[in-house]
Number of protein chains: 2
Amino acid sequence: MEALADYFKVFSEPNRLAVLEALRDGPLNVTAVVDKTGLSQALVSKHLKLLMIAGVVHRRPEGSLVFYEVVDRSVFRLIAQAEKLLMASRRLQFEALAASL
Amino acid sequence: MEALADYFKVFSEPNRLAVLEALRDGPLNVTAVVDKTGLSQALVSKHLKLLMIAGVVHRRPEGSLVFYEVVDRSVFRLIAQAEKLLMASRRLQFEALAASL
DNA sequence: TCATGTCATAACGGCATCGTGATACTACAG
DNA sequence: CTGTAGTATCACGATGCCGTTATGACATGA
């Protein structure tokens, strides 16, 4: 319901997905995510905070750096599943278009 | 990326999820969805249109009624997967809270 | 202590989307 | 043809979120 919709909302912004993608191969500190995504530092911090509140990533300060890490890698399975559905519906829409020509 | 985020956005509104849930047990016409969800007719029409553009539901006029139907029932698997992740992260956050007491 | 690099936050403007109320459109019954 | 039920759309106000700029807070090294 409400909470579930909020959870989906976490993945409903391109830049947030990009931040998440940057963390796919392991923990990174904020600056590394900034470099990897090309987003502004302030924006990356905001998105990381949101991802943390949602429980998707975990925060670990180390000296003057702060590392973020994906808590449960099965979020990537969720993303993959959504990608699959998206492509399937794209294909169906294309077929519908083709059938109407 | 962009398109994937938009796809997630489809599921990021409580009322849209409610409309989808109303269609879980089979096709319904608009009024039936309105009755089942308690939402206004205009709102239900809007959400159904969005769901159709996203390729999640299919529209089938029948006389003066218009039936909507979930195209690929595996969207419910996506939703279930998200629910699972949501509950897991809730549990972890609770454990972190408990550990800090 | 001071300078620097790293990260977080506040304030702001801009834009998208939500929900409502009113209205148009369509099919069908009378 | 007229009325009515079902559905779609428009215009609107309100709210929320995004991204930026600027600044604050913190740890480290000189």
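Every chain is numbered from 1 and lettered A, B, ... according to where its sequence line falls, protein lines coming before strand lines. Only this structure's heavy atoms are used, side chains among them; waters, hydrogens and symmetry mates stay out.
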Check the interface with nucleotides 16-18 of chain C: list each N/O to N/O pair with the protein under 3.5 Å, or write none.
{"from": "dC18(C)", "atom 1": "OP1", "to": "Arg16(B)", "atom 2": "NH1", "distance (Å)": "2.6"}
{"from": "dC18(C)", "atom 1": "OP1", "to": "Arg16(B)", "atom 2": "NH2", "distance (Å)": "3.2"}

So which protein N/O to nucleotides 22-27 of chain C N/O distances come out below 3.5 Å?
none

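In the hydrophobic cluster analysis, where Ile, Leu, Val, Met, Phe, Trp and Tyr join through side-chain heavy atoms closer than 4.5 angstrom, Leu50(B) is grouped apart from Leu28(B).
Taking a 6.0 Å sphere around NZ of Lys9(B), one finds it holds more than 12 heavy atoms contributed by other residues, nucleotides or ligands.
Nucleic acid contact class of Ser45(B) (heavy atoms, under 4.0 Å, all strands): base. Within the 4.0 angstrom heavy-atom criterion, only backbone atoms of the sugar-phosphate kind lie near Tyr68(A); the bases stay farther away.
An OP1 or OP2 oxygen of dC7(C) is reached within less than 4.0 angstrom by a side-chain nitrogen or oxygen of Asn29(A). Thr31(A) has no side-chain polar atom (N or O) that falls below the 4.0 Å cut-off from OP1 or OP2 of dG5(C).
Taking atom CZ on Arg59(B) and atom P on dG6(D), their separation rounds to 16 Å, with Å as the unit. Separating the CG atom of Asp35(B) from the C1' atom of dG6(D) is a distance of 12 Å, rounded to the nearest angstrom. We find that NZ of Lys49(A) is positioned 15 Å from P of dA25(D), with the value rounded to whole Å. Atom CG of Leu65(A) is separated from atom P of dA27(D) by 12 Å (rounded to the nearest Å). For the pair Glu2(A) CD and dG19(C) P, the interatomic distance rounds to 10 Å; values are reported in whole Å.
Note that Arg24(A) lies in the cation-pi zone of Phe76(A), set by a 6.0 Å cut-off to the ring centre and a 45° limit from the axis.
To the nearest 0.5 angstrom, Leu4(B) atom CG is 9.5 Å from Glu21(A) atom CD. To the nearest 0.5 angstrom, His47(B) atom NE2 is 5.0 Å from Asn15(B) atom CG.
Nearest-nucleotide mapping onto DNA chain D: of Leu39(A) and Glu62(A), the residue sitting toward the 5' end is Leu39(A).
Judged by distance alone, with hydrogens and angles left aside, the side-chain atoms of Ser89(B) form a donor-acceptor pair with the main-chain N or O of Leu86(B) at under 3.5 Å. Side chain of Arg59(A) to main chain of Met52(A): no donor-acceptor pair is present (N/O by atom type, distance under 3.5 Å, no hydrogens or angles). No side-chain donor-acceptor contact under 3.5 Å links Ser74(A) to the backbone of Arg77(A). A donor-acceptor pair under 3.5 Å is absent between the side-chain atoms of Arg16(A) and the main chain of Ala5(B), judged by distance alone.
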